[in-house]
Amino acid sequence: MDVEISDLTIRLLDKICEIENQCFEQEAFTKQQIACLITDYNTIGLTALVNGEVAGFAIARVNIIRNVTFGHILTIDVASAYRRKGIAQKLLREIETILRERGIRECRLEVRENNAAALNLYRKLGYTEMGKLEKYYGTAHGLYLTKSLQ
Ligand SMILES: CC(C)(COP(=O)(O)OP(=O)(O)OC[C@H]1O[C@@H](n2cnc3c(N)ncnc32)[C@H](O)[C@@H]1OP(=O)(O)O)[C@@H](O)C(=O)NCCC(=O)NCCS
């Protein structure tokens, strides 16, 4: 299966929102939020195409908090028909490469404590826990993960 990773463009907004809604339901980013993110200079948005179809996407932002600059993965979504084929790994690795090219040496993200698929993915790629986020998702807890991009 050939997976082509390319920049996310506003042209794909409807398809991206459809996948985001499938993946996150009530917690999904709205169309307006995704449109703002895609067009923001500090955002890195990538899509994974299989035979020209959008199979998944990822959006990250460059953040600066207390003089520390880091990449922040905001969302990573793979449509259910395309899961367990290495697409999320490809998207995440490509985002990390772009962050490194911009001189950024750390990547962080939040994940639901019980999201086994995502946690396995992040651990496989070397992310480690830097904190617990109590009731970050309503009543559900989250974990704050980090990876050094040195
Ligand atoms: C999490 C998600 C992005 C993974 O996408 P994917 O393309 O299927 O992941 P990959 O095929 O690249 O898998 C990479 C690794 O992640 C782990 N993984 C992925 N799906 C898994 C599952 N259902 N159960 C357990 N581990 C899983 C495995 O370690 C896998 O490596 P392996 O296949 O060699 O065992 C996808 O399940 C998804 O879109 N989920 C809904 C949205 C979501 O929860 N996003 C993350 C929010 S923090």
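One-based numbering along the sequence shown.
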Nearest heavy-atom neighbours spanning [X] and [Y]:
{"X": "D77", "Y": "T75", "value": "OD1-OG1, 2.6 Å"}
{"X": "R83", "Y": "C23", "value": "NH2-SG, 3.4 Å"}
{"X": "I19", "Y": "A79", "value": "CG2-N, 4.0 Å"}
{"X": "L37", "Y": "R61", "value": "CD2-CD, 4.3 Å"}
{"X": "I76", "Y": "A88", "value": "CD1-O, 3.6 Å"}
{"X": "A48", "Y": "I87", "value": "CB-CG2, 3.5 Å"}

Is a side-chain donor or acceptor of [X] paired with a backbone partner of [Y] at a separation under 3.5 angstrom?
{"X": "R108", "Y": "Y144", "answer": "no"}
{"X": "Q89", "Y": "G86", "answer": "no"}
{"X": "K85", "Y": "M1", "answer": "no"}
{"X": "H72", "Y": "A60", "answer": "no"}
{"X": "T47", "Y": "G56", "answer": "yes"}
{"X": "E20", "Y": "F29", "answer": "yes"}
{"X": "D40", "Y": "N42", "answer": "yes"}

Is there side-chain contact between [X] and [Y], with at least one heavy-atom pair below 4.5 Å?
{"X": "L149", "Y": "F70", "value": "no"}
{"X": "Y82", "Y": "V3", "value": "no"}
{"X": "H141", "Y": "L133", "value": "no"}
{"X": "Y127", "Y": "L143", "value": "no"}
{"X": "T69", "Y": "N63", "value": "no"}

[X] [atom1] to [Y] [atom2] distance, which is reported to the nearest 0.5 Å:
{"X": "R123", "Y": "L121", "atom1": "CZ", "atom2": "CG", "answer": "11.0 Å"}
{"X": "E110", "Y": "L74", "atom1": "CD", "atom2": "CG", "answer": "8.0 Å"}
{"X": "I104", "Y": "E96", "atom1": "CD1", "atom2": "CD", "answer": "12.0 Å"}
{"X": "T43", "Y": "L8", "atom1": "OG1", "atom2": "CG", "answer": "10.0 Å"}
{"X": "I73", "Y": "L91", "atom1": "CD1", "atom2": "CG", "answer": "9.5 Å"}
{"X": "I10", "Y": "I38", "atom1": "CD1", "atom2": "CD1", "answer": "4.5 Å"}

Same cluster (ILVMFWY, side-chain, under 4.5 Å), [X] and [Y]:
{"X": "I5", "Y": "L12", "answer": "no"}
{"X": "L46", "Y": "L99", "answer": "yes"}
{"X": "I59", "Y": "L13", "answer": "yes"}
{"X": "V78", "Y": "I34", "answer": "no"}
{"X": "V62", "Y": "L145", "answer": "yes"}

Verdict with supporting geometry, V50 and D2, side chain to side chain contact (heavy atoms under 4.5 Å, CB included):
CA-CA 6 Å; V50 175; D2 272 352; over 6 Å; no

Assess the residue pair I16 and K31 against the criterion (side chain to side chain contact (heavy atoms under 4.5 Å, CB included)); give the C-alpha distance rounded to whole Å, side-chain angles, the decisive distance to 0.1 Å, and a yes or no.
CA-CA 9 Å; I16 294 300; K31 190 179 267 194; over 6 Å; no

Under the side chain to side chain donor-acceptor pair (under 3.5 Å) rule, what do Q22 and S80 come out as? Steps first, then yes or no, please.
CA-CA 8 Å; Q22 273 171 18; S80 44; 4.5 Å; no

Is E134 atom CD crowded by more than 12 heavy atoms from other residues, nucleotides or ligands, each under 6.0 Å away?
yes

Under the side chain to side chain contact (heavy atoms under 4.5 Å, CB included) criterion, do R105 and R100 qualify, and how do the steps go?
CA-CA 6 Å; R105 295 285 168 254; R100 280 192 197 92; 4.0 Å; yes

